[in-house]
There are 2 protein chains.
Amino acid sequence: MADDTRQRLIDAAGTIFAEKGYEAASVRDICTAAGANLAAVNYHFGGKRELYVTAVRHAQCCRQEDVPFPEYPADMPAANRLREFIGTMFERMLSTNRPRWHLEIMLRELARPTEACAAVVDDYIRPMADALRSILNDLLPENLSEEQRWMIGFSTVGQVLFYYVHQPIIRLLTQNPEGNSFPLPLLADHVTRFTLAAIGAGPPVVVQDAAFAGTRTEAES
Amino acid sequence: MADDTRQRLIDAAGTIFAEKGYEAASVRDICTAAGANLAAVNYHFGGKRELYVTAVRHAQCCRQEDVPFPEYPADMPAANRLREFIGTMFERMLSTNRPRWHLEIMLRELARPTEACAAVVDDYIRPMADALRSILNDLLPENLSEEQRWMIGFSTVGQVLFYYVHQPIIRLLTQNPEGNSFPLPLLADHVTRFTLAAIGAGPPVVVQDAAFAGTRTEAES
DNA sequence: AATCGTTTCATACAAACGTTTGAATCACAG
DNA sequence: CTGTGATTCAAACGTTTGTATGAAACGATT
């Protein structure tokens with residue numbers, strides 16, 4: 001029952017922290033939701049702050065196990081690995097069969113960093129960044145500056161993140177109260193093709209009915 | 001002096017709300033920062049909540065005036081207008097000569113909507129979305145689904161937003177404590193070329209030393 | 001059964017919160 | 001100068017916050 005209360009507290013805390021943020025979530029609400037006594041938080045974790053950090057750490061552990069990155073066959077083309085990567089990222093974010101708060105609490109941390117942010121980046125973000133950069137390295141020419149490699153990577157994950165972080169805006173803009181107007185595989189395909197085309201490793205996402213010579217900027221002509 | 005304290009309260013509130021969020025910001029801190037009495041908030045605005053909404057509305061008004069969208073010459077190529085649009089967006093976000101909290105408080109609102117969110121979308125976001133879609137319509141073939149047009153637009157602004165919303169991660173990842181490792185025009189150029197190339201309206205952001213035939217996915221071959 | 005360390009519980013505490021109040025102060029018209 | 005409405009002020013309001021405390025309940029070991 002001891003570890004059980006501990007775990008119930010982490011789950012309840014995660015849900016409420018993710019929903020309301022650190023300050024707005026009260027220890028009393030968390031304990032009530034967990035079916036635990038008010039003093040349990042201080043007994044098991046030492047305080048509200050430590051409970052929060054524990055919840056964040058727990059969330060990132062679970063997420064990594066929930067949707068692990070696939071092991072690619074050695075001969076898999078880089079473009080296909082990119083598709084897998086983006087698909088996995090979307091699944092991690094938008095899949096509804098896992099507790100929502102795991103991702104939510106981490107994104108809160110990334111947008112407004114607290115002390116737990118560095119840990120999230122090191123343990124969760126950096127491995128993803130490394131995986132992406134490894135894929136991109138196979139897709140990009142060797143004589144490319146580090147700066148440009150970063151920017152291309154950011155352009156890729158920026159697209160994916162947008163669909164999650166700014167879901168409220170998307171719904172308001174497209175006037176679709178439901179968010180599932182864009183099915184997951186459609187989004188993953190779009191971002192993959194968008195990115196591949198941008199770096200010259202695939203065809204454009206749309207077929208231009210006229211040559212683009214007329215619409216390109218002067219600077220590039 | 002009456003309207004003066006009112007304005008000082010809005011400014012102080014904006015700064016603190018943007019920095020700490022709604023719940024963590026206390027009316028006492030705001031009044032101290034504004035050099036006003038504790039009761040001033042309730043006298044001038046009716047309460048904390050109303051002050052917050054007022055600050056958000058004030059922020060979006062200022063932002064629109066600060067960095068207005070340029071008037072394009074009628075014959076300006078769509079690709080150049082896209083470059084202008086992206087450049088303006090970056091300036092609105094990353095330019096440091098304007099009070100930071102204007103944008104910050106709006107982005108908070110967009111990520112975690114409160115009652116003020118719909119107003120921000122209608123008055124600030126939708127005009128930007130319309131401007132972008134108008135540009136993209138000139139760049140895209142006519143026989144394209146609304147769904148795809150939205151996705152291409154989201155892929156564009158998603159890139160821009162990433163550099164602002166996730167600046168902390170960028171610094172941690174690239175190990176540059178300063179955020180100015182990516183100068184504004186460089187970012188704008190990159191996103192523009194990335195987007196143009198993706199939709200087949202410009203050359204890839206990098207020159208592929210080999211034909212991409214070997215790296216494209218099977219599905220597309 | 002007695003003892004021990006662990007966990008739960010009801011309760012209390014001081015601090016901070018948003019809000020209210022009524023008197024004091026101001027600017028200005030009569 | 002006097003009166004009046006708008007504004008500021010110090011003080012206090014009742015809640016809610018996170019945390020602390022000591023007694024009760026539990027489980028395992030002796």
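Within every chain, numbering begins at 1; the chains are lettered A, B, ... in the order of the sequence lines, protein sequences first and strands thereafter. All values derive from a computational prediction rather than experimental measurement.
- Take Glu104(A) and apply the side-chain contact (heavy atoms from CB on, under 4.5 Å) test, not counting sequence neighbours, and it matches Ala18(A), Arg100(A), Tyr164(A), Arg112(B).
- At the phosphate of dA6(D), neither OP1 nor OP2 sits under 4.0 Å from any side-chain N or O atom of His44(B).
- Under a 3.5 Å cut-off, the side chain of Arg193(A) and the backbone N or O of Val205(A) do form a donor-acceptor pair.
- Between Asp29(A) atom CG and dT17(D) atom C1' there is a gap of 11 Å when expressed in whole angstrom units.
- Contacts of Ala24(B) with the nucleic acid, taken as non-hydrogen atoms under 4.0 Å apart, are absent.
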Quiz: residues 130-137 of chain A side-chain donor-acceptor pairs under 3.5 angstrom, not counting sequence neighbours:
| residue | atom | partner | partner atom | Å |
| --- | --- | --- | --- | --- |
| Arg133(A) | NH2 | Glu146(A) | OE1 | 2.7 |
| Asn137(A) | OD1 | Arg149(A) | NH1 | 2.6 |
| Asn137(A) | ND2 | Arg133(A) | O | 3.3 |

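- Between Gly35(A) and Arg28(A), the one whose closest nucleotide on DNA chain C sits nearer the 5' end is Gly35(A).
- Annotation: proximity of residues 9-16 of chain B to DNA chain C (heavy atom, distance under 4.0 Å) is found for no residue.
- The separation between Asn42(B) atom CG and dT19(C) atom P is 5 Å, rounded to whole Å.
- Between Phe45(A) atom CZ and dT19(D) atom P there is a gap of 13 Å when expressed in whole angstrom units.
- Checking side-chain atoms of Glu109(B) against main-chain N and O of Thr114(B) turns up a donor-acceptor pair under 3.5 Å.
- Summary of the strand contacts: Ser26(A) and Gly46(A) both lie near DNA chain D, and taking for each the nucleotide with the nearest heavy atom, the more 5' one is attributed to Ser26(A).
- The OH-P distance, from Tyr52(B) to dC17(C), rounds to 19 Å in whole Å.
- Set against dT11(C), dC9(D), dG18(C), the side chain of Asn37(B) has dC9(D) as its closest nucleotide.
- Of the candidates dG18(D), dG18(C), dT8(C), the closest approach to any side-chain atom of Tyr43(A) belongs to dT8(C).
- Below 30°, between 30° and 60°, or above 60°: for Phe194(A) and Phe194(B) the angle between ring planes is between 30° and 60°, a tilted geometry.
- Nearest nucleotide to the side chain of Leu38(A), out of dT19(D), dC17(C), dT8(D): dT19(D).
- A donor-acceptor contact shorter than 3.5 Å is absent between the side chain of Arg126(B) and the backbone of Val121(B).
- Contact check for Leu51(B) versus His44(B): no side-chain heavy atoms found under the 4.5 Å cut-off.
- Phe17(A) is linked by a ring-ring contact (aromatic ring centres under 6.0 Å, His included) to Tyr22(A), Tyr52(A), counting only residues two or more places apart in sequence or in another chain.
- The CD atom of Glu50(B) sits 11 Å away from the C1' atom of dG18(C) (whole-angstrom rounding).
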Enumerate, atom names and distances included, each donor-acceptor pair closer than 3.5 Å involving a side-chain atom of residues 151-160 of chain A, sequence neighbours excluded.
| residue | atom | partner | partner atom | Å |
| --- | --- | --- | --- | --- |
| Ser155(A) | OG | Met151(A) | O | 3.2 |
| Ser155(A) | OG | Gln159(B) | OE1 | 2.9 |
| Ser155(A) | OG | His190(B) | NE2 | 2.8 |
| Thr156(A) | OG1 | Ile152(A) | O | 2.8 |
| Gln159(A) | OE1 | Ser155(B) | OG | 2.8 |
| Gln159(A) | NE2 | Ser155(A) | O | 3.1 |
| Gln159(A) | NE2 | Thr195(A) | OG1 | 3.4 |

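- Separating the CD1 atom of Ile30(A) from the P atom of dT16(D) is a distance of 17 Å, rounded to the nearest angstrom.
- In this structure, the side chains of His58(B) and His102(B) come closer than 4.5 Å at one or more pairs of heavy atoms.
- With dA12(D), dT8(C), dG18(C) as the candidates, the nucleotide lying closest to the side chain of Thr5(A) is dT8(C).
- Atom pair Arg6(B):CZ and dA6(D):P shows a separation of 15 Å (rounding to whole Å applied).
- Whole-Å rounding puts the Asp4(A) CG to dG27(D) P distance at 13 Å.
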Counting primed atoms, P, OP1 and OP2 as sugar-phosphate and everything else as base, the B/S/- map of nucleotides 21-26 of chain D against protein heavy atoms under 4.0 Å is B-----
